[in-house]
Amino acid sequence: MKLKLDLHDIFNRSGDIDRALRGIIDEAVAKRASLVEIIPGKGSGQLKKRVIRFLDQREIKALYHRIEKDSDNWGRLFVHFRWNESTGRSSGRRGR
């Protein structure tokens, strides 16, 4: 399952950005999604940096496997999850 979050509509509303990011990560965990696509857009790059800082928080890092920066579209990130079939839990982070 793949989930998608486009931040274009809320790029200038700080609190909404954090809530949207937390919401999509929580949804991915609840639905055991394998991939979340986050679109901060190209712009100045500040929103993408903010998204990466959010994802780098210790409690968030523990929930996903790795982050991939799209080589074809630098305004897009992929957050990969790996689920342990026996426990149903994320197998955690293994680098970028």
Side-chain angles (χ1 to χ4, degrees):
M1 169 185 294
K2 174 182 166 184
L3 300 175
K4 182 176 179 179
L5 175 63
D6 188 338
L7 296 173
H8 282 101
D9 293 339
I10 59 171
F11 73 93
N12 61 352
R13 296 194 310 263
S14 183
D16 290 346
I17 292 167
D18 289 344
R19 279 189 290 280
L21 289 168
R22 185 64 206 212
I24 199 73
I25 296 298
D26 288 347
E27 183 179 355
V29 170
K31 294 181 176 179
R32 294 181 54 175
S34 60
L35 180 69
V36 172
E37 176 183 354
I38 300 175
I39 304 171
K42 294 180 181 175
S44 69
Q46 292 304 305
L47 184 53
K48 182 176 179 180
K49 288 177 186 175
R50 180 179 179 154
V51 170
I52 291 170
R53 279 194 308 270
F54 175 87
L55 293 170
D56 279 344
Q57 294 176 82
R58 180 178 294 162
E59 68 275 6
I60 301 299
K61 270 183 169 179
L63 300 174
Y64 65 86
H65 175 63
R66 68 183 177 95
I67 299 172
E68 175 188 0
K69 297 174 184 175
D70 189 339
S71 60
D72 295 328
N73 178 354
W74 58 273
R76 179 167 68 172
L77 297 167
F78 298 105
V79 182
H80 295 267
F81 293 80
R82 182 182 294 166
W83 301 101
N84 182 323
E85 295 305 318
S86 63
T87 64
R89 302 179 87 184
S90 173
S91 64
R93 183 173 161 82
R94 302 255 191 274
R96 247 182 218 181

| query | Is it true that Arg22 and Asp18 make a salt bridge, defined as a side-chain N closer than 4.0 Å to a carboxylate O? | reply | no
Atom of [X], atom of [Y] and distance for their closest heavy-atom approach:
| X | Y | result |
| --- | --- | --- |
| Arg32 | Asn84 | NH2-O, 4.2 Å |
| Gly75 | Pro40 | O-CD, 3.1 Å |
| Val36 | Ala28 | CG2-CB, 3.6 Å |

| request: Quick one: sort the Phe78 and His80 rings into parallel, tilted or perpendicular, breaks at 30° and 60°. | output: tilted
| task | Could I get the full list of side-chain contact (heavy atoms from CB on, under 4.5 Å) partners for Arg53, not counting sequence neighbours? | result |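 side-chain contact (heavy atoms from CB on, under 4.5 Å) check on Arg53 returns Lys49, Arg50.
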| request: Using the test side-chain contact (heavy atoms from CB on, under 4.5 Å), find all partners of Gln57 that sit at least two apart in sequence or belong to another chain. | output: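 Listed in chain order: Phe54, Glu59, Ile60.
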Which distance, rounded to the nearest 0.5 Å, do you find between the [atom1] of [X] and the [atom2] of [Y]?
| X | Y | atom1 | atom2 | value |
| --- | --- | --- | --- | --- |
| Leu7 | Asp16 | CG | CG | 10.5 Å |
| His8 | Leu47 | NE2 | CG | 8.5 Å |
| Arg76 | Ile38 | CZ | CD1 | 12.0 Å |

| query | When you measure from the side chain of Lys48 to the backbone N and O of Leu77, does any donor-acceptor pair fall under 3.5 Å? | reply | no
Membership question, hydrophobic clusters at under 4.5 Å side-chain separation (ILVMFWY): are [Y] and [X] in the same one?
| X | Y | answer |
| --- | --- | --- |
| Tyr64 | Trp83 | yes |
| Ile67 | Met1 | yes |
| Ile39 | Phe81 | no |

| What pairs with Lys31 under salt bridge (Lys or Arg N to Asp or Glu O under 4.0 Å), at least two apart in sequence or on another chain? | Glu27
| said: Any heavy-atom pair between the side chains of Ile25 and Leu55 that's under 4.5 Å? | reply: yes
